[in-house]
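What follows is a set of notes on a single structure, which appears directly below.
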Amino acid sequence: MNAKRSSPRGLLTAWAVMTALALTPAALTGDPAGAEAPATTLVFDKNPDDPTDSTLSVHRGGRLRAAYRAGSGLGVQDDCARAKGWIPDGNWRIRSRTRTYDGALIKGYAVRLQDMACSRGTVTRTELFLHSETDRDGGEGTSEARRWDGPGDYESNGCVKLNPTDIEELFRLLDRIGWPTRLRVVP
């Protein structure tokens, strides 16, 4: 777990999510027959004080498995501001994942999310991903868009952005414990 990048707010949200996940109907009734295999959940907890210092956490069976610093947007909290506002709240379906994405702006490790309307319904946010700044093969590039230079690189056009080391660790962890089908984005 990457606790050194976890904010107190992110850890509190992670605790709340773990508690909610633990209170399944089977857990409440004590009925083991109703219990299902533990699910993996991804939660992006937006930090309104600094959208580029938010938290992406991984939960499995109600237990926090990892937490990473992540950012979304260019410091704009308006989720309807295309290409600069942070990702809208909600349950985003994960459409695909790859270690070798080769898009115009995004390359390397990428998790593509569904298209979703913003909070006011005025704009559909499209082409949103979990990603980093790397070359297509996941390695560090030489141009600024492909090279991680520090905290300013957590800014994005609305995607959830992690540093390259963390996104590689995230992929390894999810390969081992199971990939979720959704990303939950919470305020």
Side-chain angles (χ1 to χ4, degrees), residues 1-7 10-11 14 39-47 50-60 63-76 79 81-88 92-116 125-186:
M1 178 165 63
N2 200 341
K4 68 182 176 211
R5 291 190 185 94
S6 300
S7 68
L11 290 174
T40 302
T41 308
L42 275 180
V43 178
F44 180 64
D45 179 22
K46 300 189 298 190
N47 177 0
D50 182 357
T52 65
D53 192 12
S54 298
T55 303
L56 178 71
S57 56
V58 179
H59 308 267
R60 174 87 176 159
R63 188 174 137 227
L64 177 65
R65 298 297 301 264
Y68 307 98
R69 178 180 176 181
S72 180
L74 299 173
V76 176
D79 66 352
R82 188 184 310 268
K84 58 185 172 185
W86 63 6
I87 189 170
W92 292 74
R93 185 174 48 85
I94 294 174
R95 293 175 56 186
S96 63
R97 64 182 186 269
T98 181
R99 288 173 165 81
T100 57
Y101 192 77
D102 195 18
L105 299 175
I106 298 167
K107 303 210 182 276
Y109 287 80
V111 177
R112 186 171 187 172
L113 304 172
Q114 75 182 78
D115 297 343
M116 186 184 285
R125 298 298 298 274
T126 63
E127 300 294 319
L128 291 181
F129 294 79
L130 274 73
H131 71 93
S132 190
E133 287 187 0
T134 63
D135 280 333
R136 181 181 184 274
D137 66 0
E140 185 173 340
T142 55
S143 70
E144 199 294 314
R146 304 283 161 250
R147 181 185 66 242
W148 193 265
D149 295 318
D153 286 331
Y154 284 103
E155 291 183 344
S156 71
N157 291 344
C159 294
V160 175
K161 199 167 176 191
L162 296 107
N163 79 39
T165 302
D166 287 347
I167 200 161
E168 288 176 24
E169 182 181 308
L170 174 70
F171 267 67
R172 283 191 306 271
L173 174 64
L174 295 177
D175 284 345
R176 192 174 70 250
I177 68 171
W179 277 84
T181 58
R182 301 210 174 256
L183 165 70
R184 184 178 315 137
V185 178
V186 295

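Between the CG atom in L113 and the CZ atom in F129 there is a gap of 8.0 Å [rounded to 0.5 Å]. The OH atom of Y109 sits 9.5 Å away from the OG1 atom of T98 when rounded to the nearest 0.5 Å. Considering CD of E155 and CG of L74, their distance stands at 5.5 Å, rounded to 0.5 Å. Rounded to the nearest 0.5 Å, atoms CD1 (I106) and OG (S156) are 8.5 Å apart. The structure places CZ of R65 at 4.5 Å from CZ of R63, a figure rounded to the nearest 0.5 Å. With values rounded to the nearest 0.5 angstrom, S72 atom OG is found 13.5 Å from Y154 atom OH.
Side-chain contact between L183 and L56: present, with at least one pair of heavy atoms (C-beta onward) separated by less than 4.5 Å.
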Would you check, one step at a time, whether the test side-chain contact (heavy atoms from CB on, under 4.5 Å) holds for L170 with L42? CA-CA 10 Å; L170 174 70; L42 275 180; 4.1 Å; yes
Evaluate W92 against F44 for side-chain contact (heavy atoms from CB on, under 4.5 Å), listing each step before the verdict. CA-CA 10 Å; W92 292 74; F44 180 64; over 6 Å; no
When you look at Y68 and I167, which way does the side-chain contact (heavy atoms from CB on, under 4.5 Å) test go after all the steps? CA-CA 9 Å; Y68 307 98; I167 200 161; over 6 Å; no
So D45 and S57, side-chain contact (heavy atoms from CB on, under 4.5 Å) or not? Walk me through it. CA-CA 8 Å; D45 179 22; S57 56; over 6 Å; no
Check: residues 171-180 side-chain donor-acceptor pairs under 3.5 Å, at least two apart:
residue, atom, partner, partner atom, Å
D175, OD1, W179, NE1, 2.8
D175, OD2, R99, NH1, 3.3
D175, OD2, R99, NH2, 2.4

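Each of R146, K107, K161 was compared with E133 under the side-chain hydrogen bond (donor to acceptor under 3.5 Å, both in side chains) criterion, and only K161 meets it.
With hydrogens and angles ignored, the 3.5 Å screen pairs no side-chain donor or acceptor of R69 with any backbone N or O of N163. With S54 contributing its side chain and N47 its backbone, the two residues share a donor-acceptor pair below 3.5 Å. Under the 3.5 Å distance criterion, the side-chain polar atoms of R125 are left unmatched by any main-chain donor or acceptor of I87.
Here E127 pairs with R112 under the salt bridge (charged side-chain N to carboxylate O under 4.0 Å, His left out) rule; sequence neighbours left out.
Considering every non-hydrogen atom in both P88 and L128, the closest pair reads CD-CD1, 4.4 Å. Looking at every heavy atom in both residues, A81 comes nearest to V76 through CB-CG1, 4.1 Å.
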